[in-house]
Amino acid sequence: MRRSTRAARRALPAALLAGCTAALLLQPAPTATATPLAPAAERRDFPGGGTTVSLPLTTGHRLAPRATRPFELLGVGWDGPAAAMAGATVRVRTRDAATGRWSDWHTLEADTEDGPDHAPHAATAPLWTGRSDGVAVEVVPGPAGPPPGLRLDLVDPGAGTGTDAAAATRTLPAAPADGRQAPRPAIVTRAGWGADESLRDPGFEYTGPVREVFVHHTATASDYACSDAPRVIRSIHQYHVKTSGWRDIGYNFLVDRCGTVYEGRAGGVDQPVHGAHTLGFNTDSAGAAAIGTYVGDTPPQPLLDGLAALAAWKLGLTGQAADGHTKLTSSSDASRYPTGTVVDFATISGHRDAFNTECPGAALYARLPALRTAAAELQAQ
């Protein structure tokens with residue numbers, strides 16, 4: 001996924017979709033009154049005002065332009081494993097709700113690298129679009145043909161479930177800095193970013209003591225306003241649960257470009273919550289995602305500082321040195337290492353160290369040595 005680049009406003013000619021095996025085109029109706037969505041569309045509303053509209057992508061069929069509710073994140077899901085889309089190409093472009101301009105085409109990748117070790121569904125990685133009201137989708141299946149249940153999900157995060165400003169910015173009590181235990185950073189709670197708690201499974205899953213922090217990026221836009229970070233997180237939460245079929249948002253923590261740390265998967269920030277972030281190595285680890293795409297974009301220093309403070313504290317809870325090493329055992333052949341392989345990781349590692357992926361992006365990955373040093377210094381204070 002890449003950050004959106006808005007093109008000059010123009011109508012989408014039919015030639016843009018020529019040769020597509022599966023295509024969908026949605027546009028706002030030309031009148032003030034929106035036309036209904038197609039009867040096959042499934043709309044799911046959530047207490048916090050969020051909405052997911054799911055539309056089927058039928059092979060060889062193109063839907064006529066029609067109105068759609070505004071959305072801010074999208075992705076394509078299907079029934080069956082991620083491998084069912086091997087060799088396929090999925091491209092999307094979206095229309096800015098404020099300017100009416102269409103973005104360039106973006107290629108969506110099958111999200112095989114994040115998630116639980118035994119994922120129930122498959123989907124592309126989500127794309128944060130900002131406020132949009134039109135979308136075009138082009139799907140060219142691989143050699144095996146399109147998988148069943150191929151669909152487009154349009155996510156509107158809504159306004160959240162509601163909380164006061166104090167909850168949104170609350171600093172959790174700092175733990176005493178003795179030994180390797182660094183102070184606990186300020187963490188925005190799930191209530192603070194407006195999590196819809198009715199979405200997640202009611203129970204919690206825990207692993208053994210956390211001995212590893214895997215650093216990710218969300219591969220969404222990097223130029224967002226930090227005030228919009230809760231909307232991005234709510235959209236990812238909704239997508240992980242409703243499109244990918246996970247029990248909750250996959251990451252244990254998220255950090256925005258201003259350095260604000262957010263609680264991710266529920267179960268207690270100081271507990272070893274079993275996340276869905278690093279296929280094959282979700283056990284005894286925590287996943288911390290930098291909100292944005294850091295392949296070429298330079299990660300802001302506040303973001304790096306937030307990641308360092310979080311990792312220093314989280315690893316310190318179990319006496320792990322932030323600049324040390326630990327061993328984890330692979331639980332999935334789909335990871336970078338066969339099941340049962342014991343791997344020696346730096347205690348702060350990038351996602352690519354465990355999976356063949358560009359995550360957390362070359363620019364952020366290059367900063368990990370300095371991040372380890374900064375986290376170790378926090379543990380030594």
Side-chain angles (χ1 to χ4, degrees), residues 1-5 71-77 82 85 88-94 103-116 119 122-130 132 135 137 152-155 157 214-226 228-241 243-244 246 249-257 262 264-265 275-279 287-300 303-304 306-307 335-336 349-368:
M1 293 178 294
R2 296 292 183 270
R3 182 172 51 188
S4 296
T5 301
F71 61 94
E72 299 185 31
L73 179 143
L74 60 76
V76 171
M85 285 287 277
T89 300
V90 181
R91 300 198 308 161
V92 299
R93 66 184 311 186
T94 58
S103 73
D104 292 336
W105 286 99
H106 300 272
T107 299
L108 302 183
E109 302 294 340
D111 196 10
T112 59
E113 54 201 53
D114 294 335
T124 66
L127 174 68
W128 174 258
T129 65
S132 304
V135 62
V137 181
L152 169 70
D153 278 4
L154 305 175
V155 178
F214 284 110
V215 176
H216 300 250
H217 66 173
T218 58
T220 52
S222 304
D223 58 353
Y224 56 91
C226 291
D228 283 338
R231 300 182 67 83
V232 178
I233 297 171
R234 289 199 303 274
S235 296
I236 294 173
H237 179 210
Q238 199 168 306
Y239 187 82
H240 280 180
V241 175
T243 299
S244 298
W246 302 349
I249 192 170
Y251 308 115
N252 298 104
F253 300 93
L254 300 97
V255 183
D256 70 20
R257 62 196 305 268
Y262 299 84
R265 180 163 287 208
H277 48 83
T278 307
L279 183 67
I291 301 175
T293 298
Y294 298 104
V295 176
D297 292 346
T298 300
L303 168 64
L304 298 171
L307 286 169
S335 75
R336 190 170 179 176
S349 291
H351 188 185
R352 65 173 62 181
D353 294 318
F355 193 91
N356 291 320
T357 173
E358 67 179 6
C359 183
L364 179 52
Y365 188 78
R367 300 301 299 274
L368 291 188

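Of the possible polar contacts, one joining the R93 side chain to the S103 backbone as a donor-acceptor pair under 3.5 Å is found. Remark: the backbone N or O of L127 is not paired with any side-chain donor or acceptor of T220 at under 3.5 angstrom. Remark: the backbone N or O of E72 is paired with a side-chain donor or acceptor of T129 at under 3.5 angstrom. A donor-acceptor pair under 3.5 Å links the side-chain atoms of S222 to the main chain of T293, judged by distance alone. Looking at N252, its side chain does come within 3.5 Å of a backbone N or O of G287 through a donor-acceptor pair.
Contact annotation: the side chain of I249 approaches that of L254 to within less than 4.5 Å [non-hydrogen atoms, C-beta and beyond]. Counting heavy atoms from C-beta outward, D223 and D297 have side chains that stay 4.5 Å or more apart. At a threshold of 4.5 Å between non-hydrogen side-chain atoms, the residues L73 and W128 count as touching. Within the 4.5 Å cutoff, the side chain of H217 has heavy atoms near those of the V295 side chain.
The two residues M85 and V90 have their closest heavy-atom pair at CE-CG2, 3.4 Å. Across all non-hydrogen atoms, the minimal contact from H216 to P360 is C-CB, 3.6 Å. Across all their heavy atoms, L307 and A290 have their closest contact at CD1-CB, 4.4 Å. Residues T124 and Y239 share a closest heavy-atom pair of O-OH, 2.7 Å. Closest approach of G350 and L368 over heavy atoms only: N-CD1, 3.4 Å. In terms of heavy-atom proximity, C359 sits nearest to H351 at SG-ND1, 3.4 Å.
To the nearest 0.5 Å, the span separating NE2 on H106 from OG1 on T94 amounts to 6.0 Å. Expressed to the nearest 0.5 Å, how far CH2 of W105 lies from OG1 of T89 amounts to 12.0 Å.
The ring-ring contact (aromatic ring centres under 6.0 Å, His included) test with W246 singles out one residue from H237, H240, H277, and that residue is H240. Checking D228, V255, I233, I236 one by one against I291, the side chain to side chain contact (heavy atoms under 4.5 Å, CB included) holds for a single residue, I233.
A side-chain donor-acceptor contact under 3.5 Å links D256 and Y262.
For T298, the side chain to side chain contact (heavy atoms under 4.5 Å, CB included) test picks out no residue, with sequence neighbours left out. In this structure P299 satisfies the side chain to side chain contact (heavy atoms under 4.5 Å, CB included) test together with Y294, L303, L304, A363, L364, R367, sequence neighbours excluded. Partners of A354 under the side chain to side chain contact (heavy atoms under 4.5 Å, CB included) rule, at least two apart in sequence or in another chain, are F214, T278, F281, F345.
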Q: Determine, stepwise, if the pair V215 / Y365 fulfils side chain to side chain contact (heavy atoms under 4.5 Å, CB included).
A: CA-CA 8 Å; V215 176; Y365 188 78; over 6 Å; no
**Q.** Derivation and outcome, side chain to side chain contact (heavy atoms under 4.5 Å, CB included), residues R257 and C226
**A.** CA-CA 7 Å; R257 62 196 305 268; C226 291; 3.3 Å; yes
